[in-house]
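In what follows, chains carry the letters A, B, and so on, assigned in the order in which the sequence lines appear, proteins first and then strands, with residues in each chain numbered from 1.
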Protein chains: 2
Amino acid sequence: MTPSQDIDALKASFADFLKRKKYRSTQERFLVLDRIAELDRHFSADELYIHMNSRGDRISRATIYSTLDLLTQCSILMKHRFHGESATFELSSRMPNHDHLICVECGRILEFREEGIDSIRDAVCSQLGFRPVTHSLQIFATCHDPLTCEYNKQD
Amino acid sequence: MTPSQDIDALKASFADFLKRKKYRSTQERFLVLDRIAELDRHFSADELYIHMNSRGDRISRATIYSTLDLLTQCSILMKHRFHGESATFELSSRMPNHDHLICVECGRILEFREEGIDSIRDAVCSQLGFRPVTHSLQIFATCHDPLTCEYNKQD
DNA sequence: GTCTTTGCAAAAACTTTGCATGCGG
DNA sequence: CCGCATGCAAAGTTTTTGCAAAGAC
């Protein structure tokens, strides 16, 4: 999905951010970015930690958390907080400008694109005197067919 | 802000939900709803626990968490997960259909209303075969004037 | 060489669970 | 009175922090 050629662009962008903020360019920070590109899906900090260590990288949770925070600061990563879960991350470039629909019955997460949201975001920001960085729209909904949902206590 | 006459409507709606789901109508559950209406703002589970106990109510965290979950299930409460924070709740009726803009520099949270979001939500749901329950739009942005933001490491 | 970053483990923050007691139906 | 709900404390999760050692500049 993400063409591998994009990874170099992400690394360049990350390197630029680190330099601007006077943070150091360490091997671990770029290794984390590599492995995230490899995963190419939603993931939690701990899932990434397990992925990397089972793959042979020796890296600590502290470094993972710290690097995820840096990557989120510079918008390479998008950080989501869906209900009841630990934080979920994904590459912003993986599927630009998409949002999420969460089934409140079974917890499924669907991705969708809706062009109109960007203009709403920009309008709100200019009205309140802010410069938009990013957004996260979460729609909570139930299946029309309750049989496909597992945890419906009512039926 | 929330007229106190609304509290009875909320209680009736909660009672109805409990009956439908065959949950018991306990004093604690309605007391929690009373105190939430009293707060009339965003709050975390622990803030409510402290509010109630410093007010003289003797209630446990377990009951708070359990009741907040019930109140969220029946849409009386809205549960938000902003970045890096514990879950934040608020009465849905407090300011219907509003969303949040979060300043990524200083963490301020502003509330706003934007009518267009509802139609986007409904369109997405009908397209994907879901029935909308609620939504949460979080816009992350920076102040135009960086001086009003505190944590900007760059300057 | 200096000073940030890392790894490790311990701690903190937040939430859930187990069990005995209490109260709603 | 039966059985779910509560209170308490303990355990579970997720994330952060302190400190010594390693690595970036």
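Contact annotation: B:S25 side-chain N/O to C:dG24 OP1/OP2 distance is not under 4.0 Å. Dashed line: the shortest gap from a side-chain N or O of B:R29 to OP1 or OP2 of C:dG24 is not under 4.0 Å. Dashed line: the shortest gap from a side-chain N or O of B:R61 to OP1 or OP2 of D:dC8 is not under 4.0 Å. Taking side-chain N and O atoms only, A:T26 has a distance below 4.0 Å to OP1 or OP2 of C:dT6. The phosphate of C:dT6 (OP1 or OP2) has no side-chain N or O of A:R58 nearer than 4.0 angstrom. Contact between the side-chain N/O atoms of B:Q27 and the OP1/OP2 oxygens of C:dG24 is found at a separation under 4.0 Å.
Residue B:S44 is out of contact with every strand shown, counting any heavy-atom pair closer than 4.0 Å.
Taking CG of B:D6 as the reference point, atom NZ of B:K11 lies at 12.5 Å (rounded to 0.5 Å).
In this model, no donor atom of one side chain and acceptor atom of the other lie less than 3.5 Å apart for B:E47 and B:H42.
Within the 4.5 Å cutoff, the side chain of B:T134 has heavy atoms near those of the B:M78 side chain.
Under the 6.0 Å cut-off for aromatic ring centres, B:H100 and B:F82 qualify, their centroids lying closer than that.
Listed nucleotides: C:dT6, D:dT15, D:dG7. Nearest to the side chain of A:A87: D:dT15. Among the nucleotides C:dT15, D:dG7, C:dG7, the one closest to the side chain of B:T63 is D:dG7. Closest to the side chain of A:Y65, out of C:dG7, D:dT14, D:dT6, is D:dT14. When each of D:dT15, C:dT5, D:dA5 is scored by its nearest atom to the side-chain atoms of B:Y23, the top-ranked nucleotide is D:dA5.
For A:R24 and C:dC3, a side-chain-to-base donor-acceptor distance below 3.5 Å is present, hydrogens and geometry of angles not being considered.
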